[in-house]
Number of protein chains: 2
Amino acid sequence: MKEGPDIALIGSLIGDPARANMLTALMSGKALTATELATEAGVTIQTASSHLKKLEAVNIVQPQKQGRHKYFTLADEEVGSVLEAMMGLAARRGLVRTRTGPKDPALRKARTCYDHLAGEMGVFLYDGLVANGHLTDTSGEVSITQTGQRLVSEFGINLASLNSSNRPLCKSCLDWSARRSHLGGSLGVALLSRFHELGWARRDKASRAVIFSENGERSFREVFA
Amino acid sequence: MKEGPDIALIGSLIGDPARANMLTALMSGKALTATELATEAGVTIQTASSHLKKLEAVNIVQPQKQGRHKYFTLADEEVGSVLEAMMGLAARRGLVRTRTGPKDPALRKARTCYDHLAGEMGVFLYDGLVANGHLTDTSGEVSITQTGQRLVSEFGINLASLNSSNRPLCKSCLDWSARRSHLGGSLGVALLSRFHELGWARRDKASRAVIFSENGERSFREVFA
DNA sequence: CTCATGGTTCGTTTATGATCGAACTATGAA
DNA sequence: TTCATAGTTCGATCATAAACGAACCATGAG
C-alpha cells in the first residue's frame with residue numbers, strides 16, 4: 001500500500017519474546033545450537049525450531065550444520081547494529097526485562113557488549129576518559145577531544161582508519177547491569193581488541209565474560225584512572 | 001528471565017503493520033495529526049488512536065496538542081536512527097512492501113530519506129562521488145578519500161565537526177525506489193542542507209519531495225558529474 | 001544392526017491483540 | 001446555543017501466530 005521497505009516484518013520478527021531472547025543471546029557473537037537457543041528463550045525445542053526457521057528465512061540468522069548440530073549466528077554485522085540500536089533505545093527508556101543484572105560476578109565485572117567492553121570495567125573506562133577530558137559527553141553525543149586522540153594513538157590505535165569506517169567512532173552505550181554508560185562505537189571495539197593484543201585480557205570461551213589478568217587489570221587502571 | 005533491555009517490546013511495537021506505516025510516514029520529519037496518520041496507515045481513527053497511545057507510552061512518538069488537533073513527531077533522533085537502520089536491513093534483504101516506488105514523479109526524482117537526499121538525484125550524487133574516486137564503497141563500508149575530503153571542504157562543509165558527531169560520516173543507504181545506493185550518514189545530511197543554503201533546492205511543504213531549481217540542478221550536475 | 005541424541009514437521013489448542021461500531025469528551029465556529 | 005470536527009474510550013468480534021505433544025528424519029556411537 002505504501003512505499004518503503006517492510007520494516008514491520010523485521011519488527012515483528014524481533015518483537016516476539018522468544019526470538020528476542022535468542023537474538024540477544026546471539027549478540028555475544030558466539031555460535032549457538034538450536035537447543036541452546038531454546039533453553040535461552042525458555043521454550044521447547046519444537047517452538048525454537050519454528051522460530052529459527054523464520055529468522056533464517058529473512059536472513060537474520062545464519063545456520064551452519066556441523067555433524068548433527070546446527071549452529072546459529074547473527075547473519076551479518078548489520079543485524080548486530082540494528083539490535084544494538086534497539087537495545088540502546090529500550091535501555092534509555094528504562095525498558096529492562098528484569099531489574100537484576102547478570103548474576104555471575106565475572107560477567108558483572110567485565111563482559112562483552114556485542115563487541116566492546118561492558119560491565120564495571122567498561123564503566124570505569126568510560127568514566128575515566130570523560131573525567132580526564134579525553135571524551136566529552138553532551139546529552140548522549142559523545143566525541144573525542146584532542147588529548148583523547150593523543151592518548152588513543154599512543155595506546156596503539158590508528159584513529160584514521162576508524163574514522164573512515166561505517167560506524168560511529170564514539171557512542172555511549174547504556175549498561176543494563178550497572179545502569180551507567182560505557183563506550184561503544186568503533187573506538188570501543190578497537191580498545192577491547194587492543195586489550196587482547198596486549199595480553200591484558202582474554203575472552204572466556206563459555207560466556208561473554210572478559211577475564212583480565214592481574215597485570216592487565218593493574219595496567220588498565222593506571223592508564224585510564 | 002534474561003538480562004537485557006526489552007528489545008521485544010519495541011520490536012513488537014514497530015512490528016505491527018499499521019504502526020510501521022505511521023512511523024514510516026513520520027520519518028519525513030514532519031508533524032502529522034492523528035487522522036493523517038490513520039489514513040497513512042489505512043485504519044480507522046479509533047484504531048489509530050489506540051496505536052498512537054501505545055507508541056506514546058514508551059516515548060517513541062511525541063505528541064503536541066494544538067487546538068483540537070494533536071500532532072505527532074518521532075520522539076527523538078535515536079528513534080529515527082533505529083527506524084533508518086531497520087529500513088536498511090529490510091531493503092538490503094529485498095523486503096519491500098510493494099514493488100512500485102513512489103508514484104509522484106517529483107518524489108521519484110528527489111526526496112528526503114529521513115534527512116538526506118534520496119531518489120534519482122541522490123543516486124546520481126552517490127554514483128558520481130564513487131566514480132570520481134571521492135568515495136570508496138567496499139562491500140557496504142563507505143569511506144571518503146583524500147580528494148573527496150578536498151571536494152567537500154571546498155563545497156563549504158566542515159568535515160571536522162561532522163567527524164566528531166555520534167553518527168557515521170558516510171553510510172550507503174539503499175534506495176527502495178531505484179534499488180540503488182545513495183549517501184546517508186552525517187555527510188549526506190550536511191550535503192543536503194548545503195544545497196538548501198545555496199538555494200539549489202527547497203523542500204516541498206506537503207510531501208517529502210525535494211525540488212531543485214533549474215540553475216540548482218545544473219550546478220549540482222556540474223559539481224558531482 | 002540398535003540405541004541415543006539433535007532437529008524438523010504436523011495438527012490442535014489457546015491467548016493475545018488488532019479492528020471497528022457506538023457512545024463519549026473537547027475544541028472551535030456560526 | 002447549536003453544529004461540526006478531532007480525538008478518546010469501551011466492548012465485542014475475529015484472526016493470527018505462539019506453544020506444545022506426537023510422530024518423524026538424520027547423524028553418530030556402540
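The shown structure was predicted, so the numbers you read here are calculated from the model rather than taken from an experiment. To find a chain, count down the sequence lines: A is the first, B the second, and so on, and within it residues start at 1.
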Undergrad: Does a sphere of radius 6.0 Å around CD in Q64(A) hold more than 12 heavy atoms from other residues, nucleotides or ligands, not counting ones at 6.0 Å or beyond?
TA: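 Count not over threshold, so no.
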
Undergrad: What nucleotide, of dT8(D), dT8(C), dA19(D), holds the atom closest to the side chain of H51(A)?
TA: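 From the listed options, dA19(D) comes nearest.
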
Undergrad: Could you tell me how far apart K53(B) (NZ) and dG7(D) (C1') are, to the nearest whole angstrom?
TA: 12 Å

Undergrad: For dA18(C), does OP1 or OP2 lie under 4.0 Å from any side-chain N or O of K54(B)?
TA: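 Indeed, a polar side-chain atom of K54(B) lies that close.
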
Undergrad: I want to verify a distance call: between dT9(C), dG7(D), dG7(C), whose nearest atom is closest to the I45(B) side chain?
TA: dG7(D)

Undergrad: NA contact type, S50(A), heavy-atom cut-off 4.0 Å: base, sugar-phosphate, or nothing?
TA: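 S50(A): no heavy atom of the nucleic acid under 4.0 Å.
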
Undergrad: Can you measure E56(A) atom CD to dT8(C) atom C1' for me and round it to whole angstrom units?
TA: 12 Å

Undergrad: Measure the acute angle between the ring planes of F220(A) and F124(A), then classify it against the limits of 30° and 60° as parallel, tilted or perpendicular.
TA: tilted

Undergrad: To the nearest Å, give me how far apart CG (L32(B)) and P (dG7(D)) are.
TA: 11 Å

Undergrad: Please state how far atom CD in Q64(A) lies from atom C1' in dG6(C), giving the value in whole angstrom units.
TA: 16 Å

Undergrad: Please report the distance, rounded to the nearest Å, between NE2 in H69(B) and C1' in dA29(C).
TA: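 The answer, rounded to whole Å, is 12 Å.
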
Undergrad: Does the pair L117(A) and L191(A) meet the rule for a side chain to side chain contact (heavy atoms under 4.5 Å, CB included), with working shown?
TA: CA-CA 8 Å; L117(A) 184 66; L191(A) 281 169; over 6 Å; no

Undergrad: On the nucleotide dA26(C), are OP1 or OP2 found under 4.0 Å from the side-chain N or O atoms that K70(B) carries?
TA: no

Undergrad: Do Y71(B) and P63(B) make a side-chain contact, defined as non-hydrogen atoms from C-beta onward lying under 4.5 Å apart?
TA: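 SC-SC contact between Y71(B) and P63(B) ruled out.
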
Undergrad: Report yes if a side-chain nitrogen or oxygen of T44(B) is closer than 4.0 Å to either non-bridging phosphate oxygen (OP1 or OP2) of dT19(C); otherwise report no.
TA: no

Undergrad: Could you state the OH-P distance from Y71(A) to dG6(C), rounded to the nearest angstrom?
TA: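 The distance from OH of Y71(A) to P of dG6(C) comes to 11 Å, rounded to the nearest Å.
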
Undergrad: Ignoring hydrogens and angles, tell me if any N or O in the side chain of S12(A) forms a donor-acceptor pair with the backbone of G15(A) under 3.5 Å.
TA: no

Undergrad: Under 4.0 Å, counting only non-hydrogen atoms across every strand here, what does A18(A) touch: a base, just sugar-phosphate, or nothing?
TA: sugar-phosphate

Undergrad: Measure the distance from CE on M22(B) to P on dG7(D) and round it to the nearest whole Å.
TA: 11 Å

Undergrad: Can you tell which of dA18(C), dT8(C), dG7(D) lies closest to the side chain of R19(B)?
TA: dA18(C)

Undergrad: Over how many whole Å does the gap from F72(A) atom CZ to dG7(C) atom C1' extend?
TA: 9 Å

Undergrad: Where do D6(B) and L9(B) come nearest, in terms of heavy atoms and distance?
TA: OD1-N, 3.2 Å

Undergrad: Reading nucleotides 22-30 of chain D from the 5' end, what letters show protein touch, with B for base, S for backbone sugar-phosphate only, - for no heavy atom under 4.0 Å?
TA: B----BS--

Undergrad: Among all residues two or more places apart in sequence or in another chain, which pass the side chain to side chain contact (heavy atoms under 4.5 Å, CB included) test with T73(B)?
TA: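 Partners of T73(B) under the side chain to side chain contact (heavy atoms under 4.5 Å, CB included) test: A31(B), Q62(B).
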
Undergrad: Going through the checks in order, is the side chain to side chain donor-acceptor pair (under 3.5 Å) test met by S50(B) and T47(B)?
TA: CA-CA 5 Å; S50(B) 106; T47(B) 8; over 6 Å; no

Undergrad: Looking at T47(B), does any N or O in its side chain come under 4.0 Å of the phosphate oxygens OP1/OP2 on dC20(C)?
TA: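 Yes.
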
Undergrad: Any side-chain N or O of T35(B) under 4.0 Å from OP1/OP2 of dG7(D)?
TA: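 Checking dG7(D) against T35(B), a side-chain N or O does come within under 4.0 Å of OP1 or OP2.
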
